[in-house]
Amino acid sequence: MVRLILVLGDQLTDRVAALKEGDPARDVVVMAEVAEEAGYVPHHPKKIAFCFAAMRHFAEDLRADGWTVVYRPLTDQLASIGEALIAASEQHGTTEVVATRPGEWRLIEALEALPLDVTLLEDDRFVASHAEFDVWAEGRKELRMEWFYREMRRKTGLLMDGDGPVEGKWNFDHDNRKPAPDEVDFSGPMQFTPDEITEQVLAFVEDRFGENFGTLHPFWFAVTRGQARRALAHFIKGGLPKFGDYQDAMLADQRFLWHSILSMYLNAGLLDPIEICEAAEEAYRAGDAPINAVEGFIRQIIGWREYMRGIYFREGPDYARRNVLNHQRNLPKFFWTAETKMRCIRQAVEQTRDEAYAHHIQRLMVTGNFALLAGIDPFEVHEWYLAVYADAYEWVEAPNVIGMSQFADGGIVGSKPYVSSGNYIDRMSDYCRGCAYSVKTKTGEGACPFNLLYWDFLNRHRDRFSKNPRMGNMYRTWDRMDADKQDTILREAGTFLDAL
Ligand code: FAD
Ligand code: DLZ
Ligand code: SF4
């Protein structure tokens with residue numbers, strides 16, 4: 001009997017499990033732009049346009065490969081993926097559906113509840129299966145990424161020299177994380193001119209989602225596998241060599257620095273994690289990129305990315321709702337408007353609005369750090385990140401936001417919260433130089449809000465964190481301050497927070 005093969009907007013590869021299982025001579029591929037996926041958060045228009053354009057191009061590729069494809073554009077007004085499948089099931093006289101397990105519990109549950117015979121296949125586009133992650137995690141007191149990463153190195157053979165790591169070390173971070181340099185010698189991500197299919201999507205998205213946060217034009221993302229491969233080659237040649245050195249740096253007029261800007265392609269299926277890592281390793285073996293850059297880059301992909309996915313699925317559907325610090329404040333309006341005197345936040349939000357992209361340290365140490373210090377409800381923070389970044393799908397976004405950035409999971413992802421005063425931002429960026437606040441001022445007129453909120457956060461959460469061995473120093477510094485200074489800091493932090 002004919003079967004329906006579901007392909008979602010982040011499963012755009014012929015290597016996805018449902019397509020590998022399907023038979024082009026007999027089965028029908030179903031792809032659908034639907035209101036629920038386009039609207040479960042107010043996605044950035046660039047994210048929607050990327051998704052729809054890449055879906056439409058992929059549908060064409062599948063047809064060229066001999067598949068029958070039912071493609072439902074958003075103008076068909078289908079409410080959900082389920083509705084699209086039910087309509088296709090009636091049209092093709094079959095109840096059999098083969099799908100690759102989606103990357104969000106929400107959609108997994110929706111597919112499981114359908115009145116159709118749905119087979120969910122494991123998504124094997126990752127290095128570690130759920131079972132492998134669980135075997136690794138079982139019985140461990142702490143799930144530290146570094147140990148998991150070493151397993152992934154052994155499993156993939158990436159940067160291995162026999163049984164050990166190349167150059168005798170697993171991790172070269174010691175050589176990384178330099179402050180922002182004066183000159184950037186990489187031109188940034190490869191940019192593509194939209195073709196006719198993409199232009200049609202852009203016009204439609206402008207019309208339907210033009211009110212969402214985010215600017216649609218200029219739109220230069222790759223929307224096919226061929227383009228994404230070119231973007232990868234461009235990064236390996238020009239960006240990778242200094243990726244490690246400056247991965248934590250931030251510059252106001254350099255939005256991309258030496259980052260790869262590949263996450264959206266990777267997460268949508270246009271690129272494969274192993275092919276990216278192999279390209280990086282090849283550059284290292286050829287002497288074109290140093291070990292600190294290549295090891296650091298590969299660690300992000302087979303380490304952090306895989307680890308985050310493992311945590312999301314291991315922790316279960318309630319993960320995004322966790323809030324162990326009981327933070328209840330609403331997300332400030334400036335996360336949507338960029339209207340704030342804090343230059344670091346303004347830069348990060350403006351860049352997010354324009355590009356649907358910010359790099360890791362902007363997400364973690366600027367917007368994330370602020371939200372955590374200010375005690376913003378982590379679910380609101382989660383929804384913001386899920387909406388505004390082109391690479392955001394819950395399986396990877398939630399552990400980064402709820403776990404790594406907001407510590408709302410109580411320390412599963414991170415052994416301590418990622419918080420800092422303005423000093424860190426000043427060291428790693430040029431943001432403070434043009435800011436209305438003074439990073440060197442700790443209290444009083446013009447004091448950098450991060451300086452006030454940092455101590456306020458530590459003081460509020462003393463019971464939870466003062467015994468953490470990695471935070472003892474911070475509490476000792478606080479305790480050494482005289483009581484008047486402490487009172488001033490807490491009072492001024494309170495005034496700032498009340499004004500949010
Ligand atoms: P590079 O800096 O060039 O890194 C190379 C690749 O490593 C990335 O393409 C990505 O695939 C992978 N990677 C790096 N760090 C991580 C990480 N912590 N988790 C998973 N993969 C990683 N990444 C997403 O893909 N989607 C998200 O929704 C997302 N949300 C985030 C939210 C917060 C609060 C934080 C702190 C991080 C988040 N990240 C997310 C991780 C990281 O910031 C992005 O993967 C990275 O900025 C993407 O840009 P890039 O491709 O230029 O990455
Ligand atoms: C992100 C997204 C958007 C905006 N729209 C669609 C869509 O209309 N149809 C679709 O199949 N997928 C879309 N996606 C990607 C899905 O939201 C994604 O597959 C799930 O969140 C699971 O990760
Ligand atoms: Fe951000 Fe403070 Fe620096 Fe201003 S002074 S850019 S608020 S860290």
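Order of listing sets the numbers, starting from 1, for every ligand and every atom in it.
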Who's closest to atom 20 (C) of ligand 2 heavy-atom-wise, of Lys47, Glu36, Glu37? Glu37

Tell me the contacting part of Thr367 for ligand 1: side chain, backbone, both, or neither, using a 4.0 Å heavy-atom threshold, strictly below. neither

For atom 39 (N) of ligand 1, what's the nearest protein heavy atom and its distance? Asn400 ND2, 3.5 Å

Close N or O approach (Ser263, ligand 1; < 3.5 Å): yes

Please identify which atoms of ligand 3 are closer than 4.0 Å to at least one heavy atom of Cys448. 2 (Fe), 5 (S), 7 (S), 8 (S)

Where is the nearest protein heavy atom to atom 11 (O) of ligand 1: which residue, which atom, and how far? Leu266 CD2, 3.4 Å

Indicate, as side chain, backbone, both or neither, the part of Phe243 found under 4.0 angstrom from ligand 1 when only non-hydrogen atoms are considered. side chain

What residue and atom, counting heavy atoms only, is the protein's closest point to atom 47 (O) of ligand 1, and at what distance? His360 N, 3.4 Å

Could you tell me whether Trp395 and Tyr312 have their ring centroids closer than 6.0 angstrom? no

Could Lys333 and Phe213 be counted as a cation-pi pair, given that NZ or CZ must be under 6.0 Å from the ring centre and within 45° of the axis? no

Starting from atom 22 (C) of ligand 1, which protein heavy atom do you reach first, and at what distance in Å? Gln300 O, 3.7 Å

With heavy atoms and a 4.0 Å threshold, my read on which part of Tyr357 contacts ligand 1 is side chain

What part of Met31, side chain from CB on, backbone N/CA/C/O, both or neither, has a heavy atom under 4.0 Å from ligand 2? neither

With a 4.0 Å heavy-atom cut-off (strictly under), which part of Phe297 contacts ligand 1: side chain, backbone, both or neither? side chain

Nearest option to atom 23 (O) of ligand 2, as decided by whichever heavy atom of Val396, Val34, Asp10, Leu78 sits closest: Asp10

Would you say the side-chain atoms of Asn400 and Trp304 include a donor-acceptor pair closer than 3.5 Å? no

Which of parallel (below 30°), tilted (30 to 60°) and perpendicular (above 60°) describes Tyr265 and Phe221? perpendicular

Who's the nearest protein heavy-atom neighbour of atom 4 (Fe) of ligand 3, and how far? Cys435 SG, 2.3 Å

Can Arg321 be said to sit on top of Phe379's aromatic six-ring, NZ or CZ under 6.0 Å from centre and within 45° of the ring axis? yes

Non-hydrogen atoms of Ala358 versus ligand 1: any pair closer than 4.0 Å? yes

Please give me the minimum heavy-atom distance between Leu257 and Leu251, naming the atom from each residue. CD2-CD1, 4.0 Å

Looking only at N/O atoms, are Val401 and ligand 1 under 3.5 Å apart anywhere? no

Atoms in ligand 3 with a heavy atom of Val439 nearer than 4.0 Å: 5 (S)

Is it the side chain (CB and beyond), the backbone, both or neither of Ser405 that lies under 4.0 Å from ligand 1, heavy atoms counted? side chain

If you measure from the Lys or Arg side-chain nitrogens to the Asp or Glu carboxylate oxygens, is any gap between Asp391 and Arg363 under 4.0 Å? yes

Identify, for atom 2 (O) of ligand 1, the protein heavy atom at the shortest distance, and state residue, atom and that distance. His259 ND1, 2.7 Å

Do Arg106's NZ or CZ and the ring of Tyr40 fall within the cation-pi criteria of under 6.0 Å and 45°? yes

The closest protein heavy-atom partner of atom 53 (O) of ligand 1 is Ser260 OG, 3.8 Å

For atom 1 (Fe) of ligand 3, which candidate among Cys344, Ser420, Gly422 holds the nearest heavy atom? Cys344

If you take the centroid of each ring, where Trp contributes its six-membered ring, are Phe256 and Phe186 closer together than 6.0 Å? no

Carboxylate-amine/guanidinium contact Asp426 Arg433, below 4.0 Å: no

Tell me, please, if Cys432 has any N/O/S atom, main chain or side chain, under 2.8 Å from atom 1 (Fe) of ligand 3? no

Would you kindly check if the NZ (Lys) or CZ (Arg) of Arg309 is within the cone defined by 45 degrees around the ring axis of Phe126 and under 6.0 Å from the six-membered ring centre? yes

Among all protein heavy atoms, pick out the one at the shortest distance from atom 29 (C) of ligand 1; state its residue, atom name and that distance to 0.1 Å. Arg363 NH1, 3.3 Å

Write out the residue and atom name of the closest protein heavy atom to atom 23 (N) of ligand 1, then the distance separating them to 0.1 Å. Val396 CG2, 3.8 Å

For ligand 3, which atoms, with element, lie under 4.0 Å from some heavy atom of Met342? 7 (S)

For Tyr437, does the six-membered ring have the charged nitrogen or CZ of Lys341 within the cation-pi criterion, i.e. under 6.0 angstrom from the centroid and within 45° of the normal? yes

Please assess Arg255 against Asp354 for the test salt bridge (charged side-chain N to carboxylate O under 4.0 Å, His left out), listing each intermediate value before the final yes or no. CA-CA 10 Å; Arg255 293 175 163 185; Asp354 296 348; 3.0 Å; yes

Option whose closest heavy atom lies nearest to atom 2 (C) of ligand 2, chosen from Gly103, Cys51, Ala54, Ser80: Cys51

To atom 9 (N) of ligand 2, the nearest of Gly9, Ala32, Ala268 on a heavy-atom basis is Ala32

